[in-house]
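Encoded as structure tokens, the structure appears first; notes follow it.
Given the structure is predicted, the values throughout are model-derived calculations rather than measurements. We use all heavy atoms of the structure for the numbers below, so side chains are in, but hydrogens, waters and symmetry mates are not. Along the sequence shown, the residues carry numbers beginning at 1.
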Amino acid sequence: MVDDRGSAEAGRSAAPDPHGSRPPAPGGPGPWLPWRAATEEALYGAHGFYRRPEGPAGHFRTSVHASALYAGAVARLLCRADKTLGHPLELGFVDMGAGRGELSAGVLAALPSEVAARTRAYAVEIADRPDGLDHRIEWCAEPPERITGLLFANEWLDNVPVDVVEVDAAGTPRLVLVRADGRERLGGPVGGEEAAWLERWWPLAGEEGLRAEIGLPRDRAWATAVAGVERGLAVAVDYAHLADARPPFGTLTGFREGRETAPVPDGSRDITAHVALDACALPGARLLTQRDALRALGVTAGRPPLSLATTDPTAYVRALAGAGEAAELTAPGGLGDFCWLVQPVGIPHQIPHPLGEGGCEGEGEGEGENDTEHGRE
């Protein structure tokens with residue numbers, strides 16, 4: 001899949017008229033809404049995508065679904081945070097956008113028993129608690145007000161709905177309006193805080209047809225999530241773009257039944273867009289690729305020595321399978337190019353960072369519109 005995609009153009013019924021608006025869809029369902037409102041209803045409304053019984057895993061794979069190595073790496077990060085925090089009596093782990101609790105369950109299973117005994121795990125999700133989930137996991141619609149530990153948001157921010165804007169024939173950015181069948185037209189000019197965000201984080205040239213997604217709701221959602229961490233780490237992992245490589249036509253797309261589709265806000269599919277993670281970052285944050293983050297957490301794709309095939313064939317096959325899974329999680333051009341936003345909270349600067357020293361490894365190294373394969377298959 002290519003990030004600089006034409007699917008952002010899908011669902012249009014006609015080219016813009018000279019005034020920048022598209023003709024309404026004859027008999028089209030529902031009112032014209034900004035994309036943010038339409039996506040909110042399509043994903044989280046009473047009949048929204050994230051309330052469907054099959055769950056997100058029925059439509060796409062993330063790193064969590066790709067391999068148990070991912071949960072193991074997050075468990076090691078939690079252990080490092082635990083050490084940095086001085087082994088608190090209660091160690092919090094918050095799984096934002098938990099799906100069906102796969103990451104929470106995997107982390108608890110991978111923790112050393114002493115750490116697991118002190119860990120209080122929260123799976124934050126709007127859907128009902130799935131049957132058979134580990135009883136130690138608290139299922140909640142909102143994150144706890146205050147934790148000491150690790151808040152981890154794997155592909156959560158990309159599903160925080162955003163408005164889409166497009167430059168009209170006069171060079172003015174306007175809101176894009178959409179109906180439930182995916183047809184679009186242009187609305188009014190962008191103003192206020194949204195216009196200020198665009199100017200700061202995603203300035204658009206006056207060329208007709210250029211698009212952007214206003215990430216202000218994601219900045220606010222992330223700041224609220226981080227505020228719930230009293231001491232520890234907050235980590236957001238997503239397919240992202242940075243200021244020096246914003247995609248010219250936006251990244252809005254859909255996923256359904258394992259395939260990328262047009263972003264139609266009818267509740268039948270996921271609707272997602274890349275995240276301007278540099279805009280979300282708070283003071284002290286680091287940005288790095290998933291490849292670098294997972295390597296720092298011990299996930300490597302090295303093949304086991306051939307001699308092991310002779311001395312312990314079962315262990316060799318197991319190690320070979322693990323190397324293949326690690327390769328998928330860290331692959332350039334794929335999951336390895338996901339961006340990690342790592343935000344320390346209340347950790348003194350003189351204490352070593354849980355992911356090692358260094359700057360923003362991912363910045364300025366091609367993490368623009370072609371930086372990931374989404375991890376959704």
Side-chain angles (χ1 to χ4, degrees), residues 1-12 35-45 47-67 70 95-103 125-127 130 153-164 176 178-184 211 213 215 217-218 221 236-241 247 249-277 290 328-329 331 333-339 369-377:
M1 287 175 280
V2 179
D3 294 341
D4 186 6
R5 61 181 71 87
S7 61
E9 301 292 306
R12 292 187 179 183
W35 263 107
R36 182 183 177 190
T39 302
E40 185 75 35
E41 179 62 25
L43 295 184
Y44 307 116
H47 304 288
F49 174 81
Y50 278 96
R51 298 187 187 275
R52 295 170 64 97
E54 71 273 18
H59 295 268
F60 54 81
R61 286 199 319 154
T62 69
S63 298
V64 176
H65 308 118
S67 173
Y70 192 78
D95 179 8
M96 294 294 298
R100 294 301 178 264
E102 300 95 336
L103 180 61
E125 183 57 72
I126 65 163
N154 184 71
E155 294 196 52
W156 170 60
L157 284 173
D158 67 283
N159 285 130
V160 174
V162 291
D163 280 320
V164 178
V176 178
V178 64
R179 277 181 165 171
D181 62 359
R183 301 198 184 200
E184 295 180 335
R211 281 194 165 201
E213 292 119 15
R218 293 168 172 177
V237 182
D238 244 305
Y239 44 97
H241 45 68
F249 302 108
T251 61
L252 191 72
T253 192
F255 286 90
R256 183 172 64 182
E257 297 177 354
R259 302 183 65 180
E260 187 173 9
T261 70
V264 178
D266 61 0
S268 70
R269 68 203 70 195
D270 187 27
I271 297 175
T272 179
H274 288 203
V275 183
L277 274 181
Q290 175 158 295
E328 180 182 4
L329 290 173
L335 294 176
D337 288 344
F338 267 59
C339 192
E369 63 269 29
N370 295 314
D371 68 337
T372 80
E373 293 283 340
H374 311 297
R376 303 194 171 191
E377 303 172 359

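- Qualifying side chain to side chain donor-acceptor pair (under 3.5 Å) partners for Trp35, counting only residues two or more places apart in sequence or in other chains: Glu184.
- In this structure, the side chains of Val164 and Glu213 come closer than 4.5 Å at one or more pairs of heavy atoms.
- For Asp266, the side chain to side chain donor-acceptor pair (under 3.5 Å) partners two or more places apart in sequence, or in a different chain, are Ser268.
- Salt bridge present: Asp181 and Arg183 bring a charged side-chain N and a carboxylate O closer than 4.0 Å.
- Under the side-chain contact (heavy atoms from CB on, under 4.5 Å) criterion, Glu41 pairs with no residue, sequence neighbours left out.
- Going from atom OH of Tyr50 over to atom CD of Glu125 covers 7.5 Å, rounded to the nearest 0.5 Å.
- Of all the heavy atoms in Pro217 and Val162, the pair that sits closest is CD-CG1, 4.4 Å.
- Counting only distance, with no hydrogens or angles, the side chain of Arg269 and the backbone of Ala262 share a donor-acceptor pair below 3.5 Å.
- In this structure, Arg36 places its CZ atom where only 12 or fewer heavy-atom neighbours from other residues, nucleotides or ligands lie under 6.0 Å away.
- Remark: Val237 engages Tyr70, Phe152, Asn154, Val235, Gln290, Phe338, Trp340 in a side-chain contact (heavy atoms from CB on, under 4.5 Å) (not counting sequence neighbours).
- Between Val178 and Thr39 there is no side-chain heavy-atom pair separated by less than 4.5 Å.
- With hydrogens and angles disregarded, a donor-acceptor distance shorter than 3.5 Å links the side chain of Arg218 to the backbone of Val160.
- Not counting sequence neighbours, the partners of Ala276 by the side-chain contact (heavy atoms from CB on, under 4.5 Å) test are Trp197, His241, Arg246, Asp278, Ala279.
- For the pair Tyr44/Asn159, a side-chain contact is recorded, criterion being any heavy-atom separation below 4.5 Å from C-beta on.
- Nearest approach of Leu157 to Ala236, heavy atoms of both residues: CD1-CB, 3.9 Å.
- In terms of heavy-atom proximity, Pro265 sits nearest to Ile271 at CA-CD1, 3.4 Å.
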